Amino acid sequence: MWNEIKLNISSSLVFYKEFILFLLFVCVIILLVVEKLSLAIPLIFLIIILSIFILNLIGFRRRKEIDEIKNTISSIRQNKYQSSDEIILSKNLVGLEDEIKKMFEKAEGDIQYLERLQKMRSQFLANVSHELRTPIFAIQGFLETLLNGAINDPKVNKHFLEKANHHTISLSNLLNDLIDISMIESGEMRMSYRYFEINSFIDSIVDEFNQMAEEKNIKLIFNPAKDGLQVFGDKEKLRQVFNNLLQNAIKYTDEGSVEIILEEEKKFVNVLIKDTGIGIPEEDLNRIFERFYRVDKARSRAVGGTGLGLAIVKHIIEAHNSKILVQSQLGEGSQFSFKLKK
Ligand code: ADP
């Protein structure tokens, strides 16, 4: 009992300055009002006893509240709550209850986000290992066959070396794309925006792809916009976007054409890259921008694809405050489009 009272009083003594001031004030008033010392002293004594009683009450309430908060925090720490609705404090702590609930929900959200991130990281690592394994095993296989004697067989030696070389190119493409995507996703991609002339920019890209298109007997068509039209963006990053989209358009087209169309709008230029290729099934359309997602794995690998190209394109276009859109009809062709600020 005494211990309890001692504890109550000590926990209410956070107000000791106010308490002493109040007592002094009351004593002075009593001494001024009550002239007889024989009456004033018992009165002061009574007030001190009363004050101790009040201190005990305040201390008791305060301890109860602090214990309640301590228990709630410790239950959160020990994962005893499934949802924030289970957190209930007494009426006079409603404001604090709301804050604790919000903190609990935020912590839950953060944990779920970190778990998702961790899962994505493991999945990404598994994908990367798988993608690296394919060309490395192939190169190893060809080199071993050559070392085991095929090097002296003029019918196959050149062919095997060409195959091994093809896989080293795939490996290097994959590493370049991996470096790009990790730079982009870690926020290290530095953008350098400026105005540039779009027609000559696309002309220079088309020049680079002419040979690839000719080899497949595909017409590569560019319909320029009005002379001198300027757009705003990071020229080098946009070159990467055009390279990826054109490479895909030619890779996944067996006959017909690949066309780059520029549609001038009031504030934007709409860029369309249209092909008459194999097309993309409807159910895959919203997944092709995911890392390593391929509609036809065998075909993508055969044509040197890494499965990362469109994920990189999406990031770059979004960094330009735009959106990459795709429309496609299986067997008829695909069209990728995005807007650039004028
Ligand atoms: P990849 O390196 O495999 O080409 P991308 O990320 O560039 O990877 O593309 C993802 C997938 O989307 C490709 O594997 C392919 O199946 C499909 N795809 C992309 N562009 C086209 C296109 N123009 N025509 C048909 N399919 C396409």
Side-chain angles (χ1 to χ4, degrees), residues 113-153 155-189 209 212 215-216 237 240-241 243-254 277-281 283-316 324 326 328 330 334 336:
Y113 173 71
L114 286 176
E115 279 173 356
R116 239 180 307 134
L117 220 64
Q118 178 62 30
K119 215 167 134 189
M120 266 166 65
R121 236 177 38 191
S122 317
Q123 213 167 22
F124 183 62
L125 260 175
N127 279 330
V128 170
S129 326
H130 180 78
E131 294 297 327
L132 285 172
R133 210 172 47 190
T134 314
I136 289 176
F137 275 12
I139 294 166
Q140 202 180 14
F142 288 120
L143 291 182
E144 269 173 15
T145 318
L146 284 164
L147 286 173
N148 287 339
I151 195 150
N152 298 316
D153 181 349
K155 274 191 271 169
V156 290
N157 55 8
K158 189 161 176 259
H159 177 65
F160 283 177
L161 279 173
E162 277 166 358
K163 285 265 189 198
N165 189 39
H166 169 79
H167 285 287
T168 57
I169 293 169
S170 303
L171 207 55
S172 140
N173 289 342
L174 177 63
L175 286 178
N176 285 334
D177 279 358
L178 278 173
I179 291 168
D180 283 344
I181 203 123
S182 66
M183 289 246 301
I184 290 169
E185 293 189 357
S186 63
E188 282 172 49
M189 181 174 66
F209 281 93
M212 185 178 172
E215 276 168 14
K216 287 194 76 180
K237 300 285 181 313
Q240 209 173 342
V241 167
N243 281 348
N244 268 318
L245 293 177
L246 281 177
Q247 217 164 49
N248 278 350
I250 299 173
K251 264 182 346 191
Y252 301 109
T253 299
D254 293 326
I278 59 172
I280 302 161
E283 64 270 22
D284 294 303
L285 275 180
N286 51 6
R287 297 207 58 192
I288 54 172
F289 297 100
E290 289 173 20
R291 295 177 305 198
F292 295 116
Y293 191 82
R294 294 157 159 132
V295 178
D296 179 347
K297 288 188 178 47
R299 174 152 182 164
S300 161
R301 287 217 178 85
V303 290
T306 63
L308 290 172
L310 287 181
I312 295 172
V313 165
K314 183 169 183 265
H315 277 298
I316 297 177
I324 177 98
V326 57
S328 188
L330 203 58
S334 313
F336 288 83

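The figures that follow rest on heavy atoms only: side chains count, while hydrogens, waters and symmetry mates do not. Being a predicted model, the structure only gives us computed values, none of them experimental. Positions are given from 1, in the same order as the sequence printed here.
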Spatial distance of atom CD (Glu283) from atom CG (Leu330) [nearest 0.5 Å]: 8.5 Å

Supply the atom-to-atom distance Leu174 CG to Asn176 CG, rounded to the nearest 0.5 angstrom. 9.0 Å

Pairs where residues 159-171 contributes a residue and the test salt bridge (Lys or Arg N to Asp or Glu O under 4.0 Å) is met, not counting sequence neighbours: Lys158-Glu162

Spatial distance of atom CD (Glu215) from atom CE (Met212) [nearest 0.5 Å]: 8.5 Å

State the CD1-CG distance between Ile288 and Asp284, to the nearest 0.5 angstrom. 8.0 Å

Any side-chain heavy-atom pair from His167 and Phe137 closer than 4.5 angstrom? no

Which heavy-atom pair separates Met189 from Ile316 by the least distance, and what is that distance? SD-CG1, 4.3 Å

Trace of the side-chain contact (heavy atoms from CB on, under 4.5 Å) decision for Leu146 with Asn157: CA-CA 7 Å; Leu146 284 164; Asn157 55 8; 3.9 Å; yes

Side-chain heavy atoms of Arg133 within contact of Ser129, under 4.5 Å: no

If you define the side chain from C-beta out and look only at heavy atoms, does anything of Leu171 sit under 4.5 Å from Ile139? yes

Quick one, Val326 and Asn286 - any side-chain contact, counting heavy atoms below 4.5 Å? no

Testing the basics here: between Ser328 and Ser334, what is the closest heavy-atom pair and its distance to 0.1 Å? OG-OG, 3.0 Å

Approximate separation, where rounding is to 0.5 Å, of Ile184 CD1 and Leu308 CG: 10.0 Å

Heavy atoms, side chains only, cut-off 4.5 Å: are Leu143 and Phe160 in contact? no

With sequence neighbours left out, what residues match Phe292 under ring pair (Phe, Tyr, Trp, His ring centres under 6.0 Å)? Phe124

With a 4.5 Å heavy-atom cut-off, do Ile250 and Lys216 have their side chains touching? yes

What are the two closest heavy atoms between Ile181 and Ala311, and how far apart are they? CD1-CB, 3.6 Å

Not counting sequence neighbours, list each pair that qualifies as a salt bridge (Lys or Arg N to Asp or Glu O under 4.0 Å) and has a residue in residues 174-187. Glu185-Arg291

Is it the case that the side chain of Thr145 and the backbone of Gly141 share a donor-acceptor pair, with hydrogens and angles ignored and the cut-off at 3.5 Å? yes

Taking atom types as modelled, is there a side-chain donor on Tyr252 or Asp296 under 3.5 Å from an acceptor on the other? no

Non-hydrogen atoms of Ala164 and Phe142 that approach each other most closely: N-CD1, 3.9 Å

Closest non-hydrogen atom pair between Thr306 and Glu131, with its separation: O-OE1, 4.4 Å

Taking atom NZ of Lys314 as the centre, report whether more than 12 heavy atoms of other residues, nucleotides or ligands fall under 6.0 Å from it. no

Is there a side-chain contact between Ile278 and Asp254 (heavy atoms, below 4.5 Å)? yes

Can you tell me how far OG1 of Thr168 sits from CG of Asn173, rounded to the nearest 0.5 angstrom? 9.5 Å

Heavy-atom closest pair (Lys251 atom, Gly305 atom, distance to 0.1 Å) is NZ-CA, 3.6 Å

Show your working on side-chain contact (heavy atoms from CB on, under 4.5 Å) between Val241 and Ile324 and close with a plain yes or no. CA-CA 10 Å; Val241 167; Ile324 177 98; 5.6 Å; no

With side chains defined as the heavy atoms from C-beta onward, is the minimum distance between Val313 and Phe336 less than 4.5 Å? no

